[in-house]
Amino acid sequence: MGEFYPYILIIHLFCAIFFIGYLFVDVLILGSVKKKNPDFNDKFFDSQGVRIMPFIVLLLFLSGGALASFHFQSLNLLFVLKMTLAFVILALVIFSLFFHFVLKKPNPLGTLIHPLVFTLCVCIVILAKLMNYLFVAF
């Protein structure tokens, strides 16, 4: 299974880039555009995101789980914290998708969920880099 590690890592990194990039554009770029122009319609961005992002998130979590299986032997606090934050994101994504597809209602956390998930993603990236640094340094 170790021979697949680089391929799984590449899939995971691309999915993370797409996911965090989507959140970055939505929270920081479109957020400021919406504040300056309240009539701005971002339906195209939202509709494309609803179609693509569930698959990106699924691949992200499947590849993350596969990568985690390589690191369970050296379970440390940073890794546990990173996984906990990832599961919070997964719960929020499932919550949003449930409201969108099952209940067909607007998400009650709609204005908060993307900034919150973006912040959690930034924390996960920092934890990942700290894990890499501490692994390499020691």
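As the structure is a prediction and not an experimental result, all values here were calculated from the model.
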Could you tabulate the donor-acceptor pairs under 3.5 Å formed by side-chain atoms of residues 56-67, not counting sequence neighbours?
{"unit_1": "Ser63", "atom_1": "OG", "unit_2": "His12", "atom_2": "ND1", "d": "2.9"}
{"unit_1": "Ser63", "atom_1": "OG", "unit_2": "Leu59", "atom_2": "O", "d": "2.8"}
{"unit_1": "Ser63", "atom_1": "OG", "unit_2": "Leu60", "atom_2": "O", "d": "3.1"}

Working to the nearest 0.5 Å, report the span between [atom1] of [X] and [atom2] of [Y].
| X | Y | atom1 | atom2 | value |
| --- | --- | --- | --- | --- |
| Phe87 | Leu120 | CZ | CG | 14.0 Å |
| Phe118 | Phe19 | CZ | CZ | 11.0 Å |
| Leu116 | Cys121 | CG | SG | 9.5 Å |

Cluster question for you: counting only ILVMFWY and a side-chain heavy-atom cut-off of under 4.5 Å, with indirect links fine, are [X] and [Y] together?
| X | Y | answer |
| --- | --- | --- |
| Ile126 | Met131 | yes |
| Leu92 | Ile94 | yes |
| Val122 | Ile113 | yes |
| Tyr22 | Val88 | yes |
| Leu112 | Leu30 | no |

Residues passing the ring pair (Phe, Tyr, Trp, His ring centres under 6.0 Å) test with Phe95, sequence neighbours excluded, are Phe99
Partners of Leu13 by side-chain contact (heavy atoms from CB on, under 4.5 Å), sequence neighbours excluded? Leu9
So which pairs with a foot in residues 82-94 pass side-chain hydrogen bond (donor to acceptor under 3.5 Å, both in side chains), sequence neighbours left out? none
Which residue pairs pass the side-chain hydrogen bond (donor to acceptor under 3.5 Å, both in side chains) test when at least one of the two sits in residues 105-123, sequence neighbours left out? Asp26-His114, Ser96-Asn107
Can you find a pair of side-chain heavy atoms, one from Val93 and one from Leu97, that are under 4.5 Å apart? yes
Which residues satisfy the side-chain hydrogen bond (donor to acceptor under 3.5 Å, both in side chains) test with Lys129, sequence neighbours excluded? none
For Lys104 and Phe101, indicate whether the former's side chain and the latter's backbone hold a donor-acceptor pair under 3.5 Å. yes
Using side chain to side chain contact (heavy atoms under 4.5 Å, CB included) as the criterion, point out the one residue from Leu127, Ile124, Leu130 that pairs with Leu81. Leu127
